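The structure appears right after this line, and notes come after that.
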Amino acid sequence: QVQLVESGGGSVQTGESLRLSCVASGSTSSSIRVAWFRQTPGKEREGVAYISVGTGFTYFAASVKGRFTISRDNAKNTVYLQMNDLRPEDTAMYYCAAADRALGSAMWPRITQYKYCGQGTQVTVSS
């Protein structure tokens, strides 16, 4: 079992930055892959960014490419989502999720591919 706890959300103005953290505990290993998702009421959970904890390989959604980065600190079992130049449309509940196998470009944005998911942290961006 893997437990995931997100933190770092908050309320910011357009153009500001936030850094989200996802701390993993339990049966973690370098073979896990972690992704950040976001969701607004009435919409499906959207894949934002993905990282292979072992290799550092990443994917990003087109809507955040160039503004968001994903990184990991394996010593701290933590994955970060650095969000720059935030926009009102980035407002959502952000979740991290973990999978125990590699996911390709078509599969990584699908929440059903992940075995574990955290409780989320709210990000609100006002104009």
Side-chain angles (χ1 to χ4, degrees):
Q1 289 288 324
V2 175
Q3 294 78 43
L4 303 170
V5 178
E6 304 94 335
S7 63
S11 296
V12 296
Q13 301 287 320
T14 297
E16 294 185 340
S17 300
L18 279 174
R19 188 178 78 160
L20 306 184
S21 299
C22 171
V23 179
S25 60
S27 302
T28 59
S29 75
S30 61
S31 66
I32 69 167
R33 281 74 175 176
V34 175
W36 285 95
F37 287 80
R38 63 187 182 187
Q39 189 172 27
T40 54
K43 292 191 176 181
E44 291 189 0
R45 212 163 282 197
E46 172 194 16
V48 174
Y50 164 102
I51 189 166
S52 169
V53 168
T55 66
F57 184 81
T58 59
Y59 287 117
F60 292 93
S63 58
V64 305
K65 214 167 190 177
R67 300 188 297 124
F68 290 12
T69 58
I70 188 170
S71 61
R72 86 283 194 210
D73 183 335
N74 291 350
K76 295 182 179 180
N77 285 342
T78 302
V79 170
Y80 302 99
L81 183 69
Q82 177 67 44
M83 307 186 295
N84 298 327
D85 189 24
L86 283 162
R87 304 166 182 171
E89 53 264 39
D90 296 317
T91 295
M93 184 70 79
Y94 283 71
Y95 302 87
C96 65
D100 54 9
R101 58 191 177 90
L103 298 173
S105 57
M107 301 303 283
W108 78 264
R110 302 184 185 189
I111 189 63
T112 54
Q113 299 299 310
Y114 297 81
K115 196 171 182 180
Y116 308 101
C117 190
Q119 295 298 306
T121 185
Q122 177 69 35
V123 171
T124 302
V125 185
S126 55
S127 56

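For the single chain, residues carry numbers from 1 onward in sequence order. Source: prediction; values computed, not measured.
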Which residues share a side chain to side chain contact (heavy atoms under 4.5 Å, CB included) with [X], sequence neighbours left out:
X   : value
T40 : K43, A92
E89 : R87
R19 : Y80, Q82
T58 : I51, F60, I70

So, using side-chain hydrogen bond (donor to acceptor under 3.5 Å, both in side chains) as the criterion, who are the partners of Q113 when residues are at least two apart?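 Q113 satisfies side-chain hydrogen bond (donor to acceptor under 3.5 Å, both in side chains) with R101 only.
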Restricting to side-chain hydrogen bond (donor to acceptor under 3.5 Å, both in side chains), what partner residues turn up for S52, sequence neighbours left out?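 Partners of S52 by the side-chain hydrogen bond (donor to acceptor under 3.5 Å, both in side chains) criterion, ordered by chain and then number, come out as T55.
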Are [X] and [Y] in one and the same hydrophobic cluster, where Ile, Leu, Val, Met, Phe, Trp and Tyr link if side-chain heavy atoms are under 4.5 Å apart?
X    : Y    : answer
Y59  : L103 : yes
Y95  : I32  : no
V123 : L81  : yes
V23  : V34  : no

Heavy-atom closest pair, residues A97 and I111: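 Nearest pair, atom of A97 first, then I111: CB-CD1, 4.0 Å.
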Please report the closest heavy-atom contact between G47 and A61, naming both atoms and the distance.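 Scanning both residues completely, I find the closest heavy atoms to be O-CB, 3.3 Å.
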Donor-acceptor pairs under 3.5 Å, side chain of residues 9-18 to any protein atom, not counting sequence neighbours: which ones?
unit_1 : atom_1 : unit_2 : atom_2 : d
Q13    : NE2    : S126   : OG     : 3.4
T14    : OG1    : S126   : O      : 3.1
E16    : OE1    : Q13    : N      : 3.0
S17    : OG     : N84    : OD1    : 3.0

Does the side chain to side chain contact (heavy atoms under 4.5 Å, CB included) test come out yes or no for L86 and F68, once each step is laid out? CA-CA 9 Å; L86 283 162; F68 290 12; 3.9 Å; yes
Can you pull out every side chain to side chain donor-acceptor pair (under 3.5 Å) where at least one residue sits in residues 69-79? Sequence neighbours excluded, please.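 The answer is none; no pair qualifies.
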Is the backbone of Q119 close enough, under 3.5 Å, to the side chain of E6 for a donor and an acceptor to pair up by distance?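 Yes.
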Does the side chain of W108 come within less than 4.5 Å of R33's, by heavy atoms?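 No, too far: nothing below the 4.5 Å cut-off.
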Just wondering, do R38 and D90 contact through their side chains at under 4.5 Å, heavy atoms?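 Yes, side chains in contact.
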Quick test of your reading: applying disulfide (SG to SG under 2.5 Å), list the pairs with at least one residue in residues 44-127, sequence neighbours left out, ordered by first then second residue.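 Residue pairs passing disulfide (SG to SG under 2.5 Å), neighbours aside: C22-C96.
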Summary of disulfide (SG to SG under 2.5 Å) pairs that have at least one residue in residues 36-88, sequence neighbours excluded: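 Non-adjacent pairs meeting disulfide (SG to SG under 2.5 Å): zero.
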Taking ring-ring contact (aromatic ring centres under 6.0 Å, His included) as the cut-off, I'd like each qualifying pair that reaches into residues 20-46, sequence neighbours left out, listed once.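 Passing the test, one end in residues 20-46: F37-Y114.
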ILVMFWY cluster membership beyond L4 - transitive side-chain contacts under 4.5 angstrom: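 V2, Y116, which link up through side-chain heavy atoms under 4.5 Å apart, make up the rest of the cluster.
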